[in-house]
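Structure first, commentary second.
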Amino acid sequence: MENDFYQMYLEELDQIDELEKEEEEKLLALLFSGDLSVRERLIEGNLKRALAYAKEYEDQGIGLNDLIQEASMALTAAVGGFSGGDFQKFLEQEVRKALEAALKEQKMEQNIEEEITARVNVLQQVSSVLAKELGREATVKELAEKMKMTEDEIKDIMKITLDAVNVSQAEHLDLGLDTEEEDQN
């Protein structure tokens, strides 16, 4: 499906002419004189450049469609925020900055997910060990003491685990409901 969107995007881009230097200079002059109607052409005329920058960041943790979206938003912002100088240099700088920020954010999210997963796994192991030692389920307070964490931190980890189980169960229920609805139709 992602390839379908990408193909459609490429087909749409084929219908748009890239800006030549002379046309860009005229449009920028109009923009600086207050004619905001030229923004759309400045954006459209540079979409292929934004795509080229986005493709350079492919296979680094974010899907190409998301990279294209980030690059397009940065292009739009660059046209709106350009105040003079070399437009192409400014455009490249703004698009690359947005793409790198998106990659950095994605990496941070992955690190957080990995850390949470590790905490959940440790909590499950400690809980199992304590249950064997105590002959019963450990309390939140006991788990917190054993793991050298606050009770609120333990509750947060337990909530994450419970939320994950609920999402998994809901997905299974949704699959079952979809099938029942299809059967009724």
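As the structure is a computational prediction, the values presented were derived from the model and not from experiment. Residues: numbered from 1 along the sequence shown.
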Show me the donor-acceptor pairs, under 3.5 Å and distance only, between side chains in residues 106-113 and residues at least two apart or in other chains.
none

- Tyr6 versus Ile68: any side-chain heavy-atom pair under 4.5 Å? yes

- Message: Tell me if the CD atom of Gln88 is crowded by more than 12 foreign heavy atoms within 6.0 Å.
- Response: yes

- Message: Between Leu123 and Met149, is there a side-chain heavy-atom distance shorter than 4.5 Å?
- Response: no

- Message: Within the structure provided, determine whether Arg136 and Glu142 are in side-chain contact (heavy-atom separation under 4.5 Å).
- Response: yes

- Query: Should Leu75 and Leu28 be regarded as members of a common hydrophobic cluster, given that ILVMFWY residues are connected when their side-chain heavy atoms come within less than 4.5 Å of each other, either directly or indirectly?
  - Reply: yes

- Query: Going by heavy atoms in the side chains, are Gln60 and Leu67 under 4.5 Å from each other?
  - Reply: no

- Check whether any side-chain heavy atom of Arg49 sits under 4.5 Å from a side-chain heavy atom of Glu18, and report yes or no. yes

- Task: Determine whether more than 12 heavy atoms belonging to other residues, nucleotides or ligands lie under 6.0 Å from atom NZ of Lys48.
- Result: yes

- Item | Rounded distance [0.5 Å steps], CG in Leu99 versus CD in Glu58 | 12.0 Å

- Please examine the side chains of Met158 and Val140, heavy atoms only from C-beta on, and report whether any two atoms are closer than 4.5 Å. yes

- Message: Restricting to non-hydrogen atoms, name the atom on Gly45 and the atom on Ile16 that form the minimum distance, rounded to 0.1 Å.
- Response: N-CG2, 4.5 Å

- What is the minimum heavy-atom distance between Thr150 and Glu153, and which atoms define it? N-OE1, 2.8 Å

- Query: Short question: side chain of Ser127, backbone of Gln124 - any donor-acceptor pair under 3.5 Å?
  - Reply: no

- Could you note down all residue pairs passing salt bridge (Lys or Arg N to Asp or Glu O under 4.0 Å) where residues 93-105 supplies at least one of them, sequence neighbours left out? Glu56-Arg96, Glu92-Arg96, Glu94-Lys97

- From Ile157 atom CD1 to Lys155 atom NZ, the distance as rounded to the nearest 0.5 Å: 13.0 Å

- Give the minimum heavy-atom separation between Lys146 and Val126, together with the two atoms involved. CG-CG1, 3.5 Å

- Item | Non-hydrogen side-chain atoms of Thr76 and Arg39 separated by less than 4.5 Å | no

- Task: Determine the interplanar angle of the Phe90 and Phe82 rings, folded into 0 to 90°, and report it as parallel if under 30°, tilted if 30 to 60°, perpendicular if over 60°.
- Result: tilted

- Closest heavy-atom pair, Leu91 versus Ala78, reported as atoms and distance to 0.1 Å, is CD1-CB, 4.1 Å

- Does one hydrophobic cluster hold both Met73 and Ile43, with members joined at side-chain heavy-atom distances below 4.5 Å? no

- For Asp35 and Val38, the nearest pair of non-hydrogen atoms, with its separation, is O-CG2, 3.2 Å

- Message: Any heavy-atom pair between the side chains of Leu47 and Leu51 that's under 4.5 Å?
- Response: no

